[in-house]
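Worksheet: one structure, shown below.
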Amino acid sequence: GTLYVADGYGMSLMHIYDKDQKYVKTFGGKGTAYGQFNVCHNVLVDTRKASPSLVISDRQKNRVHGYDMDGNFVKLIAAGLRQPCAADIFGDRLAVGELGGRVSVFDKDNQLMARLGDEPTNRAKGNGAPPEKWIEGALTAVHGLTFDKNGDLYAMEYSRYGRATKYTPVETKK
């Protein structure tokens with residue numbers, strides 16, 4: 001019943017409200033230190049371990065933070081991303097959608113497993129890229145993503161034209 005609200009475009013703050021909609025705490029704020037943000041863009045409850053935690057995208061600092069459920073900074077999950085905007089979890093996988101044109105997939109220990117849709121250098125970038133410049137399988141500006149009940153991943157792009165790309169996991173030989 002706890003509610004977590006990202007005020008990313010405003011003050012780069014996270015707010016916590018209890019199940020009765022009573023204010024509990026504010027954390028984060030603009031800055032460069034771990035635990036501070038420059039556009040906290042997404043918050044997700046991470047259930048991949050015994051104790052749930054929060055995953056928060058720090059879009060303009062190109063990183064994803066881990067917090068406990070009380071809003072205390074725990075660790076840096078990933079850095080060097082391309083403006084992480086969205087995240088979702090399926091099983092042991094954490095997928096992070098990046099506005100810079102890709103999806104990064106991490107295992108339960110937050111180790112990078114795969115990069116999807118990583119754009120070639122010879123295509124028009126960003127949300128202004130017209131459909132004739134799109135390359136099949138190459139993402140331009142991922143702004144949202146979600147897994148479905150089967151583990152298929154959908155990446156939605158921020159574009160004046162709109163586009164969603166579906167990724168279906170396949171078994172690999174060991």
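Judged by distance alone, with hydrogens and angles left aside, the side-chain atoms of Gln60 form no donor-acceptor pair with the main-chain N or O of Val39 at under 3.5 Å. In this structure, the side chain of Asp58 engages the main chain of Asn38 through a donor-acceptor pair within 3.5 Å. At distances below 3.5 Å, at least one donor-acceptor pair connects side-chain atoms of Tyr4 with backbone N or O atoms of Met69. Judged by distance alone, the side chain of Tyr9 and the main-chain N or O of Ser12 form no donor-acceptor pair under 3.5 Å.
Both Ile89 and Leu112 belong to a single network of hydrophobic side chains, linked directly or stepwise wherever heavy atoms of I, L, V, M, F, W or Y lie under 4.5 Å apart. Placement of Val142 and Met113 within a single hydrophobic cluster is found when ILVMFWY residues are connected by side-chain heavy-atom separations under 4.5 Å, directly or transitively.
Sparse packing is recorded around CD of Glu136, with 12 or fewer heavy atoms of other residues, nucleotides or ligands lying under 6.0 Å away.
Between Val64 and Val96, some side-chain heavy-atom pair lies under the 4.5 Å cut-off. Considering only heavy atoms from C-beta on, Met14 comes within 4.5 Å of Val43 through its side chain. Two residues are said to be in side-chain contact when any heavy atoms from C-beta on lie closer than 4.5 Å; Tyr67 and Asn72 fail this criterion. For the pair Leu153/Leu116, a side-chain contact is recorded, criterion being any heavy-atom separation below 4.5 Å from C-beta on. Residues His15 and Thr26 have side chains in contact (heavy-atom distance under 4.5 Å, counting atoms from C-beta outward).
Scanning all heavy atoms of the two residues, the minimum distance from Leu54 to Phe27 falls at CD1-CZ, 4.5 Å. Asp70 and Lys25 get closest at one heavy-atom pair: O-NZ, 3.0 Å. When all heavy atoms are compared, the tightest approach of Leu139 to Arg163 is CA-NH2, 3.7 Å. Considering all non-hydrogen atoms of both residues, Gly31 and Gln36 come closest at CA-OE1, 3.4 Å. Minimum interatomic distance between Leu145 and Ala87 (heavy atoms only, all atoms of both residues): CD1-C, 3.8 Å. Here the closest non-hydrogen pair linking Asp107 and Arg48 is O-NH1, 2.6 Å.
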Worked verdict on Asp118 versus Arg82 for salt bridge (Lys or Arg N to Asp or Glu O under 4.0 Å): CA-CA 10 Å; Asp118 202 1; Arg82 297 181 189 151; 2.6 Å; yes

Step-by-step side chain to side chain contact (heavy atoms under 4.5 Å, CB included) determination, Val105 to Arg115: CA-CA 6 Å; Val105 182; Arg115 291 241 157 90; over 6 Å; no

Evaluation steps, ring-ring contact (aromatic ring centres under 6.0 Å, His included), between Phe37 and His65: CA-CA 9 Å; Phe37 307 105; His65 299 261; 5.1 Å; yes

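A search for side chain to side chain contact (heavy atoms under 4.5 Å, CB included) contacts involving Glu171 returns nothing, not counting sequence neighbours. For Phe147, the ring pair (Phe, Tyr, Trp, His ring centres under 6.0 Å) partners two or more places apart in sequence, or in a different chain, are Phe90. With sequence neighbours left out, Ala79 forms a side chain to side chain contact (heavy atoms under 4.5 Å, CB included) with Arg63, Leu76. Considering only residues two or more places apart in sequence or on other chains, Thr168 meets the side chain to side chain contact (heavy atoms under 4.5 Å, CB included) condition with Asp152, Lys166.
Atom CG of Leu99 is separated from atom CG of Leu81 by 12.0 Å, given to the nearest 0.5 angstrom. Atom CG of residue Asp109 and atom CG of residue Leu94 lie 12.0 Å apart, to the nearest 0.5 angstrom. In this structure, CG on Asp46 lies 7.0 Å from CG on Asn110, to the nearest 0.5 angstrom. A distance of 7.5 Å separates OG1 in Thr2 from CD1 in Ile16, rounded to the nearest 0.5 Å. In this structure, CD1 on Ile135 lies 9.5 Å from NZ on Lys133, to the nearest 0.5 angstrom.
Partner of Gln83 under the side chain to side chain contact (heavy atoms under 4.5 Å, CB included) criterion, chosen from Lys61, Glu98, Arg59: Arg59.
The ring-ring contact (aromatic ring centres under 6.0 Å, His included) analysis of residues 154-174, with sequence neighbours excluded, yields the pairs His143-Tyr158. Residue pairs satisfying the salt bridge (Lys or Arg N to Asp or Glu O under 4.0 Å) criterion with at least one member in residues 12-24, sequence neighbours excluded, are absent.
Residues Ser53 and Asp68 have side chains that never bring a donor and an acceptor to within less than 3.5 angstrom of each other. For His41 and Ser57, the side-chain atoms include no donor-acceptor pair closer than 3.5 Å.
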